Amino acid sequence: MRAALVGVDFGAGDFDASLEELALLAHSAGAEPITTITAKRSSPDSAYFIGSGKADEVAQACVAEQVEIVIFNHALSPAQQRNLEKRLNVRVLDRTSLILDIFAQRAQSHEGKLQVELAQLQHLSTRLIRGWTHLERQKGGIGLRGPGETQLETDRRLIGERVKALRARLAKLRKQHETQRRSRGRTGTFSVSLVGYTNAGKSTLFNAMTKAGVYVANQLFATLDTTSRRVYLGEEVGNVVISDTVGFVRELPHQLVAAFRATLEETIHADLLLHVVDGASPVRMEQIEQVNLVLKEIGADHIPQILVWNKIDAARLEPAVERDEYGKISRVFISARSGAGLDLLRDAIVESAKSAPGLTYQYANKEQDDAGPEMPDAETADGPQSESILTSTNVGPR
């Protein structure tokens, strides 16, 4: 689908990087960006967001380039979206709708589908328009009484009922996850969650550490399902559970954060966060800030965190470990693709697990464990490799 990208520079943040990310999002959704139109404003126009003059410029570009869809790098109000579609005579999407569409394409698990549908319905509920206006609410006289509600009201009621049903089903799934977490807690298993900006290399790192075979691609939101695996890291700490979570992005729609609360709770209940950073990205500091904002929003900002500086081969850096003023590990430099520095990262996880208060380790003493750690087929340099935990926790959108 031929697309035109529209971005407005309000003088805040890295505008060029934001536009590049919009192009990647468009590609991920299956669109082909043909042209990019930019503008500078101090504040959005109430009717067209970009102003009537710039809207006419976009309309001319749509005709000249045979554009089928216009994608805005901002969140549009329902009125702005409708006004633009009438003026441009093509479909208009904002950033929120684009991300929701990508999530809908990628969701694979049952829970992921439910979460995406909930987010889409919440977004759609603000964009309903009047329909069937010839059916009046009530009229006097025999044969003149209407159905009692307009089509708009009917749509709102149906959406409300579906949202209520989805929330009930997601609440049931959340209870199941809580049961799984309590089971891991009783065994004293140390829990690690990979978090970070989308396309930072979390799934590649997860595969490198666990041999899980999670889908990896050089695109935004390549994988949405949260997957957990158990990994043996030696006699000192035994097994730890590592979870790969959905990537974050700037201006992540609030509907998604709310809908994926059950998924993101795997992060909230972790003992350690490995914050994976694209070390080769020129806007890595802004990406770190965006991830920390989402972590704060979901209540996970208090969890100990280690910055994992990934893609050091592209950034021409060497594997290394940095410590803060208290002697705790703050950053580990690795390359998930080549494997450089993974031994340092494993040592960092072991050190964090050993210092975690109140945890016991299932395989800390092999002599007391007749069965010993389970031995899957794959092995790492440190010991037996990952296996699916009790039930592999697949929770994000598919």
Side-chain angles (χ1 to χ4, degrees), residues 28 106-109 112 189-234 237 239-249 263-264 266-267 270 272-281 287 291 306-315 317 319 332-350 352-353 373-398:
S28 297
R106 303 284 165 75
Q108 300 295 327
S109 67
T189 306
F190 190 73
S191 176
V192 180
S193 282
L194 302 179
V195 299
Y197 211 76
T198 182
N199 209 30
K202 296 184 301 302
S203 295
T204 302
L205 176 59
F206 183 74
N207 287 339
M209 296 187 69
T210 68
K211 303 294 187 282
V214 171
Y215 176 70
V216 174
N218 184 24
Q219 58 186 14
L220 304 188
F221 304 118
T223 179
L224 300 180
D225 291 316
T226 296
T227 306
S228 298
R229 293 290 187 272
R230 183 183 296 160
V231 179
Y232 181 75
L233 292 182
V237 298
N239 283 335
V240 301
V241 172
I242 300 180
S243 300
D244 180 26
T245 62
V246 61
F248 301 146
V249 70
T263 296
L264 297 174
E266 196 69 32
T267 298
L272 174 68
L273 299 182
L274 297 183
H275 184 164
V276 184
V277 180
D278 183 354
S281 173
Q287 294 177 351
V291 171
I306 294 177
L307 284 178
V308 180
W309 223 254
N310 191 25
K311 305 183 183 181
I312 59 173
D313 46 351
L317 299 173
V332 181
F333 295 81
I334 69 161
S335 171
R337 175 166 294 181
S338 68
L342 288 184
D343 54 338
L344 300 177
L345 182 58
R346 293 191 186 95
D347 292 342
I349 296 174
V350 170
S352 298
E374 296 182 24
M375 297 287 293
D377 294 335
E379 295 187 2
T380 60
D382 294 311
Q385 204 21 272
S386 71
E387 71 178 70
S388 238
I389 64 170
L390 318 174
T391 45
S392 176
T393 308
N394 289 318
V395 283
R398 51 170 172 152

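Please read these numbers as outputs of a predicted model, since none were measured by experiment.
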To check you understand the geometry: which heavy-atom pair defines the closest contact between [X] and [Y], and what is its length?
{"X": "S228", "Y": "V241", "value": "CB-CG1, 4.0 Å"}
{"X": "V332", "Y": "A348", "value": "CG2-CB, 4.1 Å"}
{"X": "S352", "Y": "I306", "value": "OG-CD1, 3.7 Å"}
{"X": "P319", "Y": "A340", "value": "CG-CB, 3.9 Å"}
{"X": "V291", "Y": "G196", "value": "CG2-C, 3.6 Å"}
{"X": "A336", "Y": "G201", "value": "CB-O, 4.5 Å"}

Does the pair L274 and L345 meet the rule for a side-chain contact (heavy atoms from CB on, under 4.5 Å), with working shown? CA-CA 9 Å; L274 297 183; L345 182 58; 4.2 Å; yes
Mind running side-chain contact (heavy atoms from CB on, under 4.5 Å) on Y197 and D278 for me, showing each step along the way? CA-CA 8 Å; Y197 211 76; D278 183 354; over 6 Å; no
If you measure from [atom1] on [X] to [atom2] on [Y], what distance do you get to the nearest 0.5 Å?
{"X": "D313", "Y": "F333", "atom1": "CG", "atom2": "CZ", "answer": "13.5 Å"}
{"X": "S338", "Y": "I312", "atom1": "OG", "atom2": "CD1", "answer": "6.5 Å"}
{"X": "R229", "Y": "I242", "atom1": "CZ", "atom2": "CD1", "answer": "11.5 Å"}
{"X": "Q287", "Y": "T198", "atom1": "CD", "atom2": "OG1", "answer": "9.5 Å"}

Positive for side-chain contact (heavy atoms from CB on, under 4.5 Å) with V308, one of V277, I334, L344: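 It is I334; the other options fail the test.
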Is any NZ, NE, NH1 or NH2 atom of the basic residue among K202 and D244 found under 4.0 Å from an Asp or Glu carboxylate oxygen of the other?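 Looking at D244 together with K202, the answer is no, because their closest N to O distance does not fall below 4.0 Å.
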Is there a side-chain contact (heavy atoms from CB on, under 4.5 Å) between V231 and R346? Walk through the geometry before answering. CA-CA 10 Å; V231 179; R346 293 191 186 95; 5.9 Å; no
Please examine the side chains of L317 and W309, heavy atoms only from C-beta on, and report whether any two atoms are closer than 4.5 Å.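 A side-chain contact under 4.5 Å exists here.
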